[in-house]
Novice: 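Below is one structure. I have some questions about it.
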Amino acid sequence: MIQTVVKRDGRIVGFNEQKIMAAIRKAMMATDKGEDERLVGVITDHVAQRGKTQMSVEEIQDAVELELMKSSRKDVAQKYIAYRHQRSVARRAKTRDIFLDIVNVERNDITRENANMNADTPAGMMMKFASESTKPFVDDYLLSDDAREAVKQNLLHIHDKDYYPTKSLTCVQHPLDHILNCGFIAGHGASRPAKRIETASVLACISMECAQNEMHGGQAIPAFDFYLAPFVRLTYKEELKYLEDLNGEDYSALYDEPLMDYLKQPLDGLKGVDRVRQHAINKTVGRVHQAMEAFIHNMNTIHSRGGNQVVFSSINYGTDTSAEGRCVMREILLSTYEGVGDGETAIFPIQIWKKKRGVNYLPEDRNFDLYQLACKVTARRFFPNFLNLDATFNQTDEWHPDDPLRYEHEVATMGCRTRVFENRFGPKTSIGRGNLSFSTINIVRLALESMKEVSGEGQEEQEQRIGLFFAKLDHMLEVTAKQLDDRFKFQKTALVRQFPLLMKSLWIGGDKLNPDDTVESVINQGTLGIGFIGLAECLVALIGHHHGESQEAQELGLRIVTYMRDRINDFCERYHHNYSVLATPAEGLAGRFTKRDRKDFGSIPGVTDRDYYTNSNHVPVYYKCSARHKAEVEAPYHNLTRGGHIFYVEIDGDATHNPQVIMGVVDMMDRLDMGYGSVNHNRNRCMDCGYENATQNLKECPRCHSHNIDRLQRITGYLVGTTDRWNSGKLAELNDRVTHIDDGEQQLFK
C-alpha cells in the first residue's frame with residue numbers, strides 16, 4: 001500500500017488518494033459520458049492498495065493510466081493521458097520560451113541579466129542555456145523547503161544560483177607575490193617565476209584569468225603596487241647589465257643603490273655614472289609603461305570563460321612609497337588615462353586607490369602627487385575608485401608605516417564593492433580570502449506585506465506596521481542564514497583538485513591540502529553575505545518617506561540595518577561562519593523583484609511605480625539633493641555593511657579639467673567615515689570608431705560622423721562598454737539618475 005510519494009522536486013510527502021480521485025474526475029468531466037463516482041473509487045483503491053510503500057508521482061500516474069485502460073472507460077484514459085501530456089508541456093514551456101529568446105537573440109532581461117556578458121555569441125548562448133537549465137535543478141533538489149518558498153514568494157534571491165551545483169566560491173583577493181615568486185601550474189605546463197616587469201604583468205593577468213574559470217565571481221589583486229615593485233628593480237638591473245655589455249664597464253655598484261623615484265629625464269649634459277643611471281631609469285620607465293599598457297589591454301580583451309566574458313577584475317594600490325612601487329602606480333595611471341585601442345576608456349580592471357593619511361592623502365605625504373594624478377585619471381576615466389583606509393572600521397592595530405609587509409593589514413575590495421577583512425578563523429586581512437556566497441532579502445516586499453496587513457496613517461498603525469515588519473525581517477534573516485549555511489555545507493564537500501589554482505596558490509591555507517582532500521578545513525576563512533535591496537522603497541512603504549527626505553526615515557533605516565547587523569552577528573556564533581551584511585550590488589535583481597511586487601500589490605508611488613528598486617541603502621537616484629546631503633545620509637551605513645558598500649555622486653558636465661571635484665568627494669568620505677566610493681560623470685562613446693568626449697547630448701561623432709553614440713556608465717560598480725547590454729530595470733534607473741554636483745557647484749571644489 002502506498003504510504004509516501006516522491007515529488008518531482010525530490011521532496012517526500014504523505015500519500016493523498018484525493019489527488020488521484022480529483023485527476024480521474026477531471027478526465028471524466030472532459031468526456032461525453034461524464035463522471036462515474038463508483039469507477040473513481042475502484043480505480044483509486046486498486047492503485048493505492050497494489051502500489052509500493054513509496055512511489056514517485058510518475059509511477060502513480062502510470063498505474064492510474066493502466067487501470068483506466070483496463071476499465072470500460074477507454075475514453076477517460078485518453079483524456080487522462082492527454083491531460084498528463086499537457087501538464088508536461090506546460091512544465092517545459094517556460095524553459096522553452098527562455099531558450100527560444102536566447103536562440104533568436106532577443107533583447108530582454110534574461111539575455112541581458114549580466115551586462116558584462118555578450119549573450120548573443122555562441123559561447124554566450126551556451127552560457128545562458130546552461131544557466132537557465134541549472135536554476136530549476138537548484139530549486140528542486142538543493143534548497144530547503146523554507147528557502148525554496150522564500151524564493152518562490154519573491155522574498156529571497158540566491159546570487160549565482162546557476163553555479164550552486166559546481167560548489168564554486170564567489171571571489172578571492174590574489175596573493176600575487178606567491179604567484180610571481182613561485183610560479184604556478186594551470187592546465188598543461190607550468191609558469192615560471194617572474195624575473196622582469198613584463199613577465200610579472202603577464203602572470204598577474206594569467207592568475208586572474210585562470211582563477212576566473214574556477215570561481216563564479218570577481219578576481220582582485222589587493223596590493224598591485226607592492227607586488228610588482230620588486231620587478232621594477234629587477235628590470236632596472238637588467239638595463240644596467242645591457243649597458244655593462246655595451247660599454248664594457250662594471251655598474252654593479254648601482255644595482256641596489258637607493259633611488260628616490262623613476263622619472264624619465266633627458267640625458268643632455270649628463271656624464272659617466274650619472275648618465276648610465278638615468279639611461280637605465282628611462283629604459284625601465286618605458287618598459288614599465290608598456291607592461292602596464294599590456295596588462296590593461298589583456299584584461300579587456302582575453303576571454304576567460306564561456307559567454308565571451310573578460311575577467312571581472314580589480315586591482316588595489318596606493319600605499320607603496322618605494323620608488324619602484326611609485327613607478328608601477330604612475331605608469332598604470334598614465335596608461336589608464338591614455339586609454340586603450342583608439343583611446344577608449346578601459347572597462348577592466350576596476351582600479352581602487354587606497355587612500356591613507358601619512359602616505360598619500362595630504363600635501364606633505366610621500367604619495368600625494370600620485371593621489372593628485374589618480375584624481376585626474378578618475379575625472380576622465382571613472383577609475384580609480386577610492387577606498388578609505390582611514391575609516392574607523394578599515395583600521396587595524398597591526399598596521400605600521402615602516403612595516404614592509406603593511407599591505408597585509410590593509411583592507412582591499414572588489415571593484416563592485418565586496419569587502420573581506422574581519423575574520424573569526426584566522427588573520428584579519430583581505431589577502432587569500434573572499435566571499436563564499438551571498439543572498440539578498442527583498443525588504444521592500446516585507447514592508448508591502450506589513451502595509452497590507454496594517455493599513456492606516458495614525459501613529460498606532462505605523463508602530464504596528466513597523467513591528468510586524470521587524471518580525472517578518474527576523475524570520476527572513478533566519479531563513480537566509482540557514483540557506484547560506486546549507487550552501488556552505490554543500491561547498492565544503494568539493495575536492496581540492498576541483499580548484500587547482502585557487503587551492504594550490506591563492507586561497508589561504510589551501511596549499512597545505514592534498515588534491516583529494518575536501519576544502520572544508522579552509523573555506524571558512526571566507527565570508528557569507530546577507531544582502532538587502534530597496535531600503536528607500538521599504539521606508540516609503542512603512543512611513544511614507546525615504547531616508548533622503550526625512551530624518552524620521554533615516555532613523556528607521558539605520559534601525560533596520562543595525563538590526564540586520566546584530567542578528568547576523570548572532571548567526572556568526574550559532575553557525576560558526578564569517579557572516580556579514582552586504583549592501584547588495586543589484587543588477588538584474590533590481591527589476592526582477594519590482595515586477596513581481598507590482599503585480600501582487602499594484603503600482604504604489606515611491607515603492608513599486610518604477611521599474612527597479614534602489615540599490616541597497618542608497619538615496620534614490622532620482623532624488624535631487626546635494627552631494628554632501630547624499631553623503632551624510634549614506635555614510636552611517638558603511639560601518640554596518642561590512643560585507644561591502646559603495647558611495648557614488650553624479651557630476652554634471654565634463655569633469656576632465658576639474659579633478660578637484662574628485663578630491664572634494666574623497667574629502668567628504670574622509671570627514672564622514674565612509675569606506676569606499678567614487679564619482680560618475682558624463683562620457684560619450686562612438687560605437688563605430690571609439691571616440692570619446694563629455695559633450696552633453698552628443699548626437700554625432702566629431703571624428704567619423706557616426707550617429708551610433710552611447711553613454712559610458714557604471715551599472716553596479718563596474719563599467720559597461722555599451723548600454724545595449726543593460727536590462728530594462730537598470731536602463732530605467734540610468735535614465736532617472738540626477739546629478740548631485742552641477743556645473744555651478746563644481747566651482748566650490750576648485
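Everything quoted here is computed from the prediction, not taken from an experiment.
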Novice: Does any N or O in the side chain of D320 come within less than 3.5 Å of the main-chain N or O of S322, such that one atom is a donor and the other an acceptor?
Specialist: yes
Novice: What I want to check is whether the side chains of E331 and H289 have a donor and an acceptor closer together than 3.5 Å.
Specialist: yes
Novice: Going from CG on N388 to NZ on K354, what distance comes out if it is rounded to the nearest 0.5 angstrom?
Specialist: 13.0 Å
Novice: Check for a donor-acceptor pair, side chain of R642 on one end and backbone N or O of L582 on the other, with a separation under 3.5 Å.
Specialist: no
Novice: Any luck finding a side-chain donor-acceptor pair between N435 and T418 under 3.5 Å?
Specialist: no
Novice: Does any N or O in the side chain of E422 come within less than 3.5 Å of the main-chain N or O of G643, such that one atom is a donor and the other an acceptor?
Specialist: no
Novice: Do N524 and R424 have side-chain N/O donor and acceptor atoms under 3.5 Å apart?
Specialist: no
Novice: Between L672 and A631, which heavy-atom pair has the shortest distance, and what is it?
Specialist: CD1-CB, 3.5 Å
Novice: Just wondering, are more than 12 heavy atoms of other shown residues or ligands nearer than 6.0 Å to NZ in K512?
Specialist: no
Novice: Under the 3.5 angstrom rule, does the side chain of D710 hit a backbone N or O of R685 as a donor-acceptor pair?
Specialist: no
Novice: Would you please say whether a donor-acceptor pair under 3.5 Å links the side chains of D403 and Y407?
Specialist: no
Novice: So with a 6.0 Å cut-off around CG of D245, is the heavy-atom count from everything else above 12?
Specialist: yes
Novice: Can you name the one residue among M663, K356, K355 that meets side-chain contact (heavy atoms from CB on, under 4.5 Å) with Y361?
Specialist: K355
Novice: Can you tell me if H645 uses its side chain to pair, donor with acceptor, with the backbone of N639 under 3.5 Å?
Specialist: no
Novice: If you round to the nearest 0.5 Å, how far is OH of Y317 from CD of E410?
Specialist: 14.5 Å
Novice: Any donor-acceptor pair under 3.5 Å linking the side-chain atoms of S168 with those of E214?
Specialist: no
Novice: Between CZ of R417 and CG of N385, what distance do you get to the nearest 0.5 Å?
Specialist: 10.5 Å
Novice: For the atom pair CE (M674) and CE (M668), what is the distance rounded to the nearest 0.5 Å?
Specialist: 8.0 Å
Novice: Above 12 or not: heavy atoms from other molecules or residues under 6.0 Å from NZ of K376?
Specialist: no
Novice: Mind running side chain to side chain contact (heavy atoms under 4.5 Å, CB included) on I508 and V522 for me, showing each step along the way?
Specialist: CA-CA 7 Å; I508 187 170; V522 299; over 6 Å; no
Novice: Looking at Y337, does the NZ or CZ of R380 lie under 6.0 angstrom from its six-membered ring centre and within 45 degrees of the ring axis?
Specialist: yes
Novice: Which distance, rounded to the nearest 0.5 Å, do you find between the CD of E408 and the OG1 of T396?
Specialist: 11.5 Å
Novice: Are F295 and F224 close enough that their ring centers fall under 6.0 Å?
Specialist: yes
Novice: Is R192 atom CZ crowded by more than 12 heavy atoms from other residues, nucleotides or ligands, each under 6.0 Å away?
Specialist: no
Novice: Is N578 reaching over with its side chain to a backbone N or O of G526, donor-acceptor style, under 3.5 angstrom?
Specialist: yes
Novice: Under 3.5 Å, side chain of Q219 to main-chain N/O of C171, donor-acceptor pair present?
Specialist: no
Novice: How long is the gap from CD1 on I197 to CD on Q290, to the nearest 0.5 Å?
Specialist: 12.0 Å
Novice: Step through the shown structure and confirm whether more than 12 heavy atoms of other residues, nucleotides or ligands are within 6.0 Å of NE2 on H297.
Specialist: no
Novice: Checking the side chain of E244 only, and the main-chain atoms of Y251 only, is there a donor and an acceptor separated by less than 3.5 Å?
Specialist: yes
Novice: What I want to check is whether the side chains of D365 and N360 have a donor and an acceptor closer together than 3.5 Å.
Specialist: no
Novice: For this output row, return yes or no: ring centroids of H174 and Y227 closer than 6.0 angstrom.
Specialist: no
Novice: Any donor-acceptor pair under 3.5 Å linking the side-chain atoms of T336 with those of Q351?
Specialist: yes
Novice: Using 30° and 60° as the class limits, which term best fits the ring planes of F348 and F312: parallel, tilted or perpendicular?
Specialist: tilted
Novice: Under the 3.5 angstrom rule, does the side chain of S430 hit a backbone N or O of F421 as a donor-acceptor pair?
Specialist: no
Novice: Give a yes-or-no answer on whether the side chains of N367 and T321 include a donor-acceptor pair shorter than 3.5 Å.
Specialist: no
Novice: Is the backbone of C689 close enough, under 3.5 Å, to the side chain of R703 for a donor and an acceptor to pair up by distance?
Specialist: yes
